[in-house]
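Below you'll find the structure, written out as structure tokens, and then a few comments.
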Amino acid sequence: MTAMDYSQIAHWYDIYVKTDIDIPFFVNEAKNCARVLELTSGTGRLSIPLIEAGISLTCVDNSSEMLAILRQKLAAKELSANVYELDMCNLTLQEQFDLIVIPFNSFAEIINLDEQHRALQGIWHCLAETGHFICTLHNPPVRLKSVNRQLMLRGKHSFPDDDGTLFLWSVEECDRAKPGTSDRQNSLVKGTQFWEIYDSKGVMKHKSFVDIQFFLHQQEEFQKLIQSHGFQVVNLYGDYSYSEFQRETSPFMIWVLSKD
Ligand SMILES: C[S@@+](CC[C@H](N)C(=O)[O-])C[C@H]1O[C@@H](n2cnc3c(N)ncnc32)[C@H](O)[C@@H]1O
């Protein structure tokens, strides 16, 4: 089971995901690394700035539609990277990297624990002995604030050249609500995204929905998971300004991990 069918929304991804808050952080982390592997690179929101900063990048994603957009961007900008269509839970790369990153909380898109173990095993084999693995996750207490079974407007985005508007709505619920689930357990969020597109005159041109799921790792549970694969915690930041992680208030858990 997958977290989300990106083939349905790949062509809109760059319209609705505009954030750049993590880019200076990753450029800084990658700047002295000879070989960097970005898992879940998608359409290259982060990949392009990394390559433009002179980093030798290998991109992995399992969506051919997302990667097709990344390849178009690379060609248009005359940039190069190794791009592989691969499932991060079945990494078959025969290389080792000084830095491996999973940006944008995308490890959460592996919703099955066995597959999380397989992904970590593959990452371990691809990580150079002195390398670092940076895994970004949602911080459950903060992320759960918007998981409330209410239909919420997540964004209103204009198409280029005043060619209409995209509205993204979603509703999310969490198994945390089930009896017997404690605040300290991992949990799964399930939801539906609703996509509406209006032309410049306000006439609806398109309406569709996509089901989504993602995993919320608790700090202690994730630490146990990565330690069971031999990873050590070098740092845990709560945001992309290198702030110390605060359990109740940090937006993210940004784990910097090493092999020893
Ligand atoms: C939210 S997008 C993030 C894309 C990009 N990293 C960014 O920051 O904009 C998540 C990406 O993860 C990819 N993905 C999800 N599960 C994956 C898996 N098991 N293996 C490889 N890629 C996966 C999706 O295809 C999608 O491109």
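Treat the numbers as computed from the prediction; the structure is a model and nothing was measured. Just so you know, ligand 1 is whichever comes first in the structure, and atom 1 is the first atom listed for that ligand.
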Determine, using heavy atoms of Val60 and all atoms of ligand 1, whether some pair is separated by less than 4.0 Å.
no

Do Val101 and Ile254 share a hydrophobic cluster (ILVMFWY, side-chain heavy atoms under 4.5 Å, transitive)?
yes

Taking the six-membered ring where the residue is Trp, are the ring centres of His11 and Tyr13 under 6.0 Å apart?
no

Can you sort out which atoms of ligand 1 are near [X], meaning under 4.0 Å from one of its heavy atoms?
X      : result
Ser106 : 3 (C), 10 (C)
Asp87  : 18 (C), 19 (N), 20 (N)
Thr40  : 4 (C), 5 (C), 6 (N), 11 (C), 12 (O), 13 (C), 14 (N), 22 (N), 23 (C)
Met88  : 17 (C), 18 (C), 19 (N), 20 (N), 21 (C)
Gly42  : 4 (C), 27 (O)
Pro103 : 6 (N)

Is Leu86 touching ligand 1 with its side chain, its backbone, both, or neither, if touching means heavy atoms under 4.0 Å apart?
backbone

Region of Ala3 that comes within reach of ligand 1 [heavy atoms, distance under 4.0 Å]:
neither

Protein residue, atom and distance nearest to [atom], heavy-atom basis:
atom                    : value
atom 1 (C) of ligand 1  : Tyr6 OH, 3.2 Å
atom 15 (C) of ligand 1 : Glu109 OE1, 3.5 Å
atom 11 (C) of ligand 1 : Asp61 OD2, 3.7 Å

Between Ser7 and Asp5: side-chain donor-acceptor atoms closer than 3.5 Å
yes

Verify whether one side chain among Asn28 and Tyr242 offers a donor that lies under 3.5 Å from an acceptor in the other.
yes

Sole residue of Thr58, Leu46, Ile102 in side-chain contact (heavy atoms from CB on, under 4.5 Å) with Glu38
Leu46

Could you go step by step and tell me if Phe252 and Tyr240 meet the ring-ring contact (aromatic ring centres under 6.0 Å, His included) rule?
CA-CA 9 Å; Phe252 309 112; Tyr240 292 102; 5.2 Å; yes

Taking the six-membered ring of Tyr16, is NZ or CZ of Arg154 closer than 6.0 Å to its centre and within 45° of its axis?
no

Give a yes or no on whether a salt bridge exists between Glu220 and Arg247, defined as a side-chain N under 4.0 angstrom from a carboxylate O.
yes

Are any of the side-chain nitrogens in Asp20 or Arg45 under 4.0 Å away from the carboxylate oxygens of its partner?
no

Looking only at non-hydrogen atoms, the one of Phe214, Tyr13, Tyr84 nearest atom 9 (O) of ligand 1 is Tyr13

Look at atom 22 (N) of ligand 1 and find which of Asn62, Asn112, Asp20, Leu46 reaches it with the closest heavy atom.
Asn62

